[in-house]
Trainee: 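Mind having a look at this structure? Questions to follow.
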Amino acid sequence: MGGNPAGIALIGTGFIGRAVVRRARVEGGGVQAVAHPHVPRCRRDDPERDAARWIQGNTRAYSDCVKTLRGHDRAINSAGAAAPASSDFEALYAANVVWPAVLSRACADAGVRRLVHVSSAAVQGRRDPLDESADCRPLSPYAQSKADGESALARMAASGLGAPETVLYRPTSVQGAGRGITEALGRLARLPRIPVNGDGSQQLPLALEDNVAAAALFLAQVSSAPPPVALHPWEGLTTADLVAIFAPGARILHLPPGMVMGCLA
């Protein structure tokens, strides 16, 4: 794998961040969680200009951020608003666009060579298949904020204003204990009969939190240059597999694919 886990700064200790810390311990290494300043909600404009404006108005907080990053060669950003159902774009923009731009600038000033930014495959919407291109087709305010954050970081890396090696890591829907959508799947599994689209062979765009943490660490630690975009599309689970995991022996109600698509249209 290469690299030194102790040289990784972890920004954000929420759902993904805590998983990264646990995974680093399993691997026998460690990451250093560093505090990050708060960027208040703001209207969508130019991300780089908004980041520069925040830095100019918060010189002490920015200086402290740079100081905490110094001495680290790599960083993982798992901070942001993980709120797929939110319609508050000003809050999403501040957390998922302006903050990453501020962090990228701080990484450059602190000498951090590589920044792994945890984004989301939601930036490509219903694109089929998902890929590692810059083609984004966001379908929600959350996905739009993630896409805008990616674009800003890519521009900053290319211009020399941000971390030289910037990796945009796109996991699909992340599942784990305490995650709302995971709990919803558990409730669905308790139904007397579980509705399944067709024969249940559909590939599910799901990723387990521990695997997401392992992937983020790998991208930070790998000695060779990682790709600009790293997609985590799925983990081999089908709808039928998911039912077997959550509700082994459950009665399944197979619905015609056309009926399901009609309901989603």
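These figures come from a predicted structure and were not determined experimentally.
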Trainee: Test side chain to side chain contact (heavy atoms under 4.5 Å, CB included) on Q56 and Y62 and set out the steps.
Mentor: CA-CA 9 Å; Q56 291 170 1; Y62 179 73; over 6 Å; no
Trainee: Starting from the C-alpha separation in whole Å, work towards a yes-or-no answer on salt bridge (Lys or Arg N to Asp or Glu O under 4.0 Å) for R114 and D73.
Mentor: CA-CA 7 Å; R114 181 181 301 168; D73 185 52; over 6 Å; no
Trainee: According to a 4.5 Å side-chain heavy-atom criterion applied to Ile, Leu, Val, Met, Phe, Trp and Tyr, with indirect links allowed, do V102 and L161 form part of one hydrophobic cluster?
Mentor: no
Trainee: Is a donor on one side and an acceptor on the other found under 3.5 Å between the side chain of T239 and the backbone of S201?
Mentor: no
Trainee: Ignoring hydrogens and angles, state whether a donor on the side chain of H232 or Y169 is under 3.5 Å from an acceptor on the partner side chain.
Mentor: yes
Trainee: Dump the intermediate steps for side chain to side chain contact (heavy atoms under 4.5 Å, CB included) on R44 and Q144, then the final yes or no.
Mentor: CA-CA 11 Å; R44 184 185 186 191; Q144 184 66 63; 3.4 Å; yes
Trainee: Donor-acceptor pair, T238 side chain versus Q202 backbone, under 3.5 Å?
Mentor: no
Trainee: Do the side chains of W234 and L204 get nearer than 4.5 Å, heavy atoms only?
Mentor: no
Trainee: Partners of R25 by side-chain contact (heavy atoms from CB on, under 4.5 Å), sequence neighbours excluded?
Mentor: V21
Trainee: When you group the ILVMFWY residues by side-chain heavy-atom contacts below 4.5 Å and let the links chain together, are V174 and V167 in the same group?
Mentor: yes
Trainee: Is any side-chain heavy atom of Q124 less than 4.5 Å from a side-chain heavy atom of R170?
Mentor: yes
Trainee: Taking all atoms of both residues into account, what is the closest heavy-atom pair of D135 and R127, and its distance?
Mentor: OD2-NE, 2.8 Å
Trainee: Can you check side chain to side chain contact (heavy atoms under 4.5 Å, CB included) on L10 and V34, steps first, answer last?
Mentor: CA-CA 6 Å; L10 172 66; V34 299; over 6 Å; no
Trainee: Working to the nearest 0.5 angstrom, can you tell me the gap between L219 CG and R74 CZ?
Mentor: 11.0 Å
Trainee: Under the 3.5 angstrom rule, does the side chain of E90 hit a backbone N or O of R41 as a donor-acceptor pair?
Mentor: no
Trainee: Can you give me the closest heavy-atom contact between L217 and A24, atom names plus distance?
Mentor: CD1-N, 3.6 Å
Trainee: So, D131 and S133: side-chain donor and acceptor under 3.5 Å apart, yes or no?
Mentor: yes
Trainee: Minimum heavy-atom separation for A157 and T166, please, with both atom names.
Mentor: CB-OG1, 3.6 Å
Trainee: With a 4.5 Å heavy-atom cut-off, do L255 and V196 have their side chains touching?
Mentor: no
Trainee: Using 4.0 Å as the upper bound for N to carboxylate O, is an ion pair formed by K146 and E150?
Mentor: no
Trainee: Please check if F15 and V116 belong to a single hydrophobic cluster, counting links between Ile, Leu, Val, Met, Phe, Trp and Tyr side chain heavy atoms closer than 4.5 Å.
Mentor: yes
Trainee: For E209, is there an ion pair with R22 - N to carboxylate O distance below 4.0 angstrom?
Mentor: yes
Trainee: Nearest 0.5 Å, please: how far is CG in L231 from OG1 in T172?
Mentor: 7.5 Å
Trainee: Does a donor on one side chain sit under 3.5 Å from an acceptor on the other, for D88 and S86?
Mentor: no
Trainee: Would a 4.5 Å heavy-atom cut-off, applied to side chains only, mark I252 and H254 as touching?
Mentor: yes
Trainee: Judged by atom type as modelled, is there a donor-acceptor pair below 3.5 Å linking the side chain of S159 to the main-chain atoms of R155?
Mentor: yes
Trainee: Report the C-alpha distance between Y142 and N96 in whole Å, list the side-chain angles of each, state the deciding distance to 0.1 Å, and finish with yes or no for side-chain hydrogen bond (donor to acceptor under 3.5 Å, both in side chains).
Mentor: CA-CA 9 Å; Y142 167 76; N96 295 340; 5.7 Å; no
Trainee: So, D45 and Y93: side-chain donor and acceptor under 3.5 Å apart, yes or no?
Mentor: no
Trainee: For the residue pair N211 and L208, establish whether any side-chain heavy-atom pair is separated by less than 4.5 Å.
Mentor: yes
Trainee: Does I11 form a side chain to side chain contact (heavy atoms under 4.5 Å, CB included) with S78? I'd like the steps, not just the answer.
Mentor: CA-CA 6 Å; I11 301 92; S78 65; over 6 Å; no
Trainee: Could you check whether any side-chain heavy atom of I245 comes within less than 4.5 Å of a side-chain heavy atom of L237, counting everything from C-beta outward?
Mentor: yes
Trainee: What distance separates S151 OG from E48 CD, expressed to the nearest 0.5 Å?
Mentor: 9.0 Å
Trainee: Once rounded to the nearest 0.5 Å, what's the spacing between atom CG of L253 and atom CG of N197?
Mentor: 11.0 Å
Trainee: Flag yes if V39 and L115 sit in one hydrophobic cluster, no otherwise; membership is Ile, Leu, Val, Met, Phe, Trp, Tyr, and two members link when side-chain heavy atoms are under 4.5 Å apart.
Mentor: yes
Trainee: Do Q32 and I8 come within less than 4.5 Å of each other through their side chains, counting heavy atoms only?
Mentor: no
Trainee: To the nearest 0.5 angstrom, please state how far the NE2 atom of H117 sits from the OG atom of S104.
Mentor: 10.0 Å
Trainee: To check you understand the geometry: which heavy-atom pair defines the closest contact between P192 and R251, and what is its length?
Mentor: O-CB, 3.9 Å
Trainee: Tell me the closest heavy-atom pair linking L69 and A110, and the distance in Å.
Mentor: CB-CB, 3.7 Å
Trainee: Can you find a side-chain donor-acceptor pair between D148 and S145 that sits under 3.5 Å?
Mentor: no
Trainee: Do W54 and C42 come within less than 4.5 Å of each other through their side chains, counting heavy atoms only?
Mentor: no
Trainee: M156 and L168: same hydrophobic cluster, using ILVMFWY side-chain contacts below 4.5 Å?
Mentor: no
Trainee: To the nearest 0.5 Å, what is the distance between CD1 (I16) and CD1 (I76)?
Mentor: 11.0 Å
Trainee: Minimum heavy-atom separation for A94 to P40, with atom names?
Mentor: CB-O, 3.2 Å
Trainee: With a 4.0 Å cut-off on N to O distance, would you call R126 and D128 a salt bridge?
Mentor: no
